[in-house]
Amino acid sequence: GDWSAGTGETGSFSLSYDNFYDRDSSLDIIAGSWTSFDDLGNPDGSYTIGTDGAISGQDVYGCLYSGNVTIIDSRYDVYNMSITASNCGGVNGTYTGLSVIGDSYVTNDTLWVAVDNGNLSVVLGLLR
């Protein structure tokens, strides 16, 4: 496809289907311990997802996280996610969105999360 902006900028884009979407989803697959990393590759958060979908976690900045993840359709690798941040100043609040499981080093070792609260958006990758 092609795009153009009112400022005269133009460009093109292409899309391709990622077959990761065709992998099954389940709470057993997403359950476990996950770690987030800062821009320098240092661990900065630790999160746990239970086999019941309950999320808990904290980061090095003192923020606390709770929430849940649910299955949308077990035939596809996409999950609903709701996370509440507390003890985190202006970032406090409930964020909702989607997550998917991917492979960085081994099968199902990366959790991609994209959530927002209407004012702030968070997109991050977590590793097992």
Side-chain angles (χ1 to χ4, degrees):
D2 296 317
W3 62 272
S4 62
T7 58
E9 296 171 300
T10 62
S12 62
F13 63 91
S14 65
L15 303 173
S16 63
Y17 186 78
D18 189 334
N19 62 2
F20 276 106
Y21 180 68
D22 291 327
R23 296 183 350 180
D24 293 343
S25 62
S26 76
L27 294 178
D28 286 336
I29 292 171
I30 201 170
S33 298
W34 298 92
T35 302
S36 61
F37 297 85
D38 66 18
D39 293 341
L40 299 175
N42 300 307
D44 67 356
S46 177
Y47 313 88
T48 300
I49 300 176
T51 55
D52 61 353
I55 300 169
S56 63
Q58 64 184 49
D59 63 27
V60 297
Y61 311 105
C63 300
L64 303 174
Y65 303 95
S66 63
N68 67 346
V69 61
T70 58
I71 304 300
I72 297 172
D73 184 328
S74 63
R75 297 174 297 171
Y76 303 106
D77 179 22
V78 63
Y79 301 80
N80 275 322
M81 187 163 283
S82 177
I83 302 170
T84 299
S86 60
N87 199 44
C88 211
V91 180
N92 286 345
T94 299
Y95 296 75
T96 59
L98 301 173
S99 60
V100 298
I101 301 268
D103 307 335
S104 290
Y105 303 102
V106 297
T107 303
N108 296 334
D109 70 343
T110 305
L111 177 63
W112 292 103
V113 176
V115 294
D116 82 297
N117 69 0
N119 293 313
L120 297 172
S121 298
V122 177
V123 177
L124 72 146
L126 307 173
L127 289 176
R128 286 198 202 259

*Mind listing the closest non-hydrogen atom pair of A85 and Y95 along with its distance?*
CB-CE1, 4.3 Å
*Do S36 and D44 have side chains that get closer than 4.5 Å, going by heavy atoms?*
yes
_Donor-acceptor under 3.5 Å (Y79 side chain, D73 main chain)_ = no
*Any side-chain heavy-atom pair from T94 and I83 closer than 4.5 angstrom?*
no
*Got a second to check how far L126's CG is from I101's CD1, nearest 0.5 Å?*
9.5 Å
*Do V122 and V91 pass the side chain to side chain contact (heavy atoms under 4.5 Å, CB included) test, and can you show the C-alpha distance, the side-chain angles, and the key distance before you say yes or no?*
CA-CA 10 Å; V122 177; V91 180; 5.9 Å; no
_Could you go through S82 and N68, starting from their C-alpha distance and side-chain angles, then the distance that decides it, and tell me whether this counts as side chain to side chain contact (heavy atoms under 4.5 Å, CB included)?_
CA-CA 5 Å; S82 177; N68 67 346; 3.5 Å; yes
*From OG1 (T84) to CG (L64), nearest 0.5 Å*: 11.5 Å
*Does W34 share a hydrophobic cluster with L27, counting links as ILVMFWY side-chain heavy atoms below 4.5 Å and allowing steps through other members?*
yes
_Heavy-atom pair with the smallest gap, counting every atom of T110 and L127_ = OG1-CD2, 3.3 Å
*Shortest non-hydrogen contact from V60 to P43?*
CG1-O, 4.3 Å
*Find the distance between OG (S86) and OH (Y65) and round it off to the nearest 0.5 Å.*
9.0 Å
*Identify the heavy atoms of N87 and G62 that sit nearest to each other, and give their distance.*
ND2-O, 2.7 Å
*Linking I/L/V/M/F/W/Y whenever their side-chain heavy atoms sit closer than 4.5 Å, directly or via other members, would I72 and Y21 fall into one cluster?*
yes
_Pairwise side-chain contact, E9 with W3, heavy-atom cut-off 4.5 Å (strictly under)_ = yes
*Work out which heavy atom in R128 is nearest to a heavy atom in N108; give both atom names and the distance.*
NE-O, 2.7 Å
*Find the distance between CG (D2) and OG1 (T10) and round it off to the nearest 0.5 Å.*
8.0 Å
*May I ask you to test the I55-M81 pair for a side-chain heavy-atom distance under 4.5 Å?*
yes
*Mind checking side chain to side chain contact (heavy atoms under 4.5 Å, CB included) for V100 and listing every partner two or more places apart, or none if nothing turns up?*
D77, V78, W112
*Any disulfide (SG to SG under 2.5 Å) pairs touching residues 51-128, not counting sequence neighbours?*
C63-C88
_Using 0.5 Å steps for rounding, measure from the OH atom of Y17 to the CG atom of D22._
3.5 Å
*Among I29, L124, I49, T35, whose side chain to side chain contact (heavy atoms under 4.5 Å, CB included) with L111 holds?*
I49
_So V115 and T96, do their side chains get closer than 4.5 Å, heavy atoms only?_
no
_Distance (rounded to the nearest 0.5 Å) between L120 CG and N92 CG_ = 10.5 Å
